[in-house]
Amino acid sequence: MERHRTGGVRNSLWSWPDAKSPLVVVRNYLVIVLARICPSLRLKNRLLSWIGVTVGTGVSWGLESTPDVFWPERITVGDDAIVGYDATLLCHEFLQDEYRLGDVVIGDRAMIGAGAVVLPGVTIGEGARVAANSLVAEDVPPRTTVAGVPAEVVSRADDGPASSDA
């Protein structure tokens with residue numbers, strides 16, 4: 001995670017025009033608005049690639065899903081991954097005295113549930129699953145399912161059925 005200190009008496013969000021070109025942010029915003037409502041997965045992938053998102057083959061973005069508007073180029077989504085309805089992938093956090101940046105990486109065949117939020121610097125491993133409405137603040141190992149706020153591991157693909165002493 002990269003930290004960028006900001007000066008002044010106001011919180012760091014006031015410094016966003018110094019962090020990223022306002023014209024680039026406006027372009028990104030307009031493209032993301034189109035992608036959010038676009039029913040065509042191919043067009044959605046092309047639009048998001050155009051603003052810098054690395055989009056693998058066969059990626060599916062649900063309606064209203066939102067990549068980071070400031071730094072979409074810091075997002076990588078692997079082949080056949082699913083980003084669910086109204087999910088958000090954030091690569092930045094504006095805090096009081098600083099803003100932080102981190103890449104978001106979604107592995108091949110990973111699934112992000114509806115309404116989930118993935119925070120900056122998080123990697124979702126290959127074949128991992130994020131339950132709906134979860135807040136992902138830490139990396140998710142491959143083939144692992146996480147759920148909750150904050151998201152916690154609920155199962156792993158290599159976990160067998162619960163053993164019984166009976």
Inset, instruction - State, yes or no, whether a side-chain contact exists between Val146 and Glu152 at a heavy-atom distance under 4.5 Å. - result: no
Inset, instruction - Decide side-chain contact (heavy atoms from CB on, under 4.5 Å) for Leu63 and Lys44; before the verdict, give the C-alpha distance in whole Å, the side-chain angles of both, and the deciding distance to 0.1 Å. - result: CA-CA 10 Å; Leu63 287 172; Lys44 193 178 298 233; 4.0 Å; yes
Inset, instruction - Measure from the side-chain N and O atoms of Thr144 to the backbone N and O of Pro142, and report whether any donor-acceptor pair falls under 3.5 Å. - result: yes
Legend entry - Side-chain touch Asp97/Arg5, heavy atoms, less than 4.5 angstrom: yes
Legend entry - Gly56 backbone acceptor or donor facing Asp79 side chain under 3.5 Å: no
Legend entry - Minimum side-chain heavy-atom gap His4-Glu2 below 4.5 Å: yes
Legend entry - Donor-acceptor under 3.5 Å (Asp108 side chain, Asp80 main chain): no
Legend entry - Minimum heavy-atom distance Gly121-Val104, with the two atoms named: N-CG2, 4.4 Å
Legend entry - Joint cluster assignment, Val33 & Val31, ILVMFWY side-chain distance < 4.5 Å: yes
Legend entry - Counterpart residues, side-chain hydrogen bond (donor to acceptor under 3.5 Å, both in side chains), relative to Asn133 (two or more places apart): none
Legend entry - Residues forming a side-chain contact (heavy atoms from CB on, under 4.5 Å) with Thr123, sequence neighbours excluded: Val105, Asp139
Inset, instruction - Give the minimum heavy-atom separation between Gly78 and Val59, together with the two atoms involved. - result: O-CG2, 3.2 Å
Legend entry - Heavy-atom check, side chain of Leu48 versus side chain of Pro67, under 4.5 Å: yes
Legend entry - Residue pair Gly148 / Ser134: nearest heavy atoms and the distance that separates them: N-OG, 3.0 Å
Inset, instruction - Kindly work out whether a path of hydrophobic side-chain contacts (I/L/V/M/F/W/Y, heavy atoms less than 4.5 Å apart) joins Leu30 to Trp61. - result: yes
Legend entry - Rounded distance (nearest 0.5 Å) linking atom OG1 of Thr6 with atom CG of Asn11: 8.0 Å
Legend entry - Sidechain-backbone polar pair: Ser21 side chain, Leu23 backbone, donor-acceptor under 3.5 Å: yes
Legend entry - Verify same cluster id: Ile51, Leu41 (apolar side-chain graph, 4.5 Å): no
Legend entry - Selection residues 9-40 - residue pairs positive for ring-ring contact (aromatic ring centres under 6.0 Å, His included), sequence neighbours left out: Trp16-Phe70
Legend entry - Closest approach of Val122 to Glu138 (non-hydrogen atoms, all atoms of both residues): CG1-O, 3.6 Å
Inset, instruction - For Thr66, check side-chain contact (heavy atoms from CB on, under 4.5 Å) against everything at least two apart and list the hits. - result: Ile32, Arg36, Thr88
Legend entry - Cluster overlap Val130 with Leu135, hydrophobic side-chain contacts below 4.5 Å: no
Inset, instruction - Spell out, as yes or no, whether a donor-acceptor pair under 3.5 Å connects the side chain of Ser12 to the backbone of Glu98. - result: yes
Legend entry - Main-chain N/O of Leu90 paired to Asp68 side chain as donor or acceptor, under 3.5 Å: no
Inset, instruction - Measure across Ser65 and Gly84 and return the closest heavy-atom pair with its distance rounded to 0.1 Å. - result: CB-O, 3.5 Å
Legend entry - Side-chain heavy-atom pair Val136, Ile124 within 4.5 angstrom cut-off: yes
Inset, instruction - Answer whether the closest heavy-atom distance between the side chains of Ile37 and Glu64 falls below 4.5 Å. - result: yes
Inset, instruction - Taking atom CZ of Arg46 as the centre, report whether more than 12 heavy atoms of other residues, nucleotides or ligands fall under 6.0 Å from it. - result: no
Inset, instruction - Evaluate whether atom CZ of Arg143 has more than 12 neighbouring non-hydrogen atoms of other residues, nucleotides or ligands under 6.0 angstrom away. - result: no
Legend entry - Interatomic spacing from OG1 in Thr76 to CD in Glu73 - rounded to 0.5 Å: 10.5 Å
Inset, instruction - Would you check if Lys20 and Tyr99 make a side-chain contact, meaning some heavy-atom pair closer than 4.5 Å? - result: no
Legend entry - Qualifying residues under side-chain contact (heavy atoms from CB on, under 4.5 Å), relative to Ser40, sequence neighbours excluded: Cys38, Arg42, Leu43
Inset, instruction - State, to 0.1 Å, how close Met1 and Pro120 come at their nearest heavy-atom pair, and which atoms those are. - result: CE-O, 3.1 Å
Legend entry - Beyond-backbone contact of Trp71 with Leu101, side-chain heavy atoms, under 4.5 angstrom: yes
Inset, instruction - Please answer: with hydrophobic residues joined when any side-chain heavy atoms are less than 4.5 Å apart, are Val77 and Met111 in the same cluster? - result: no
Inset, instruction - Using side-chain hydrogen bond (donor to acceptor under 3.5 Å, both in side chains) as the criterion, list what pairs up with Asn28, not counting sequence neighbours. - result: none
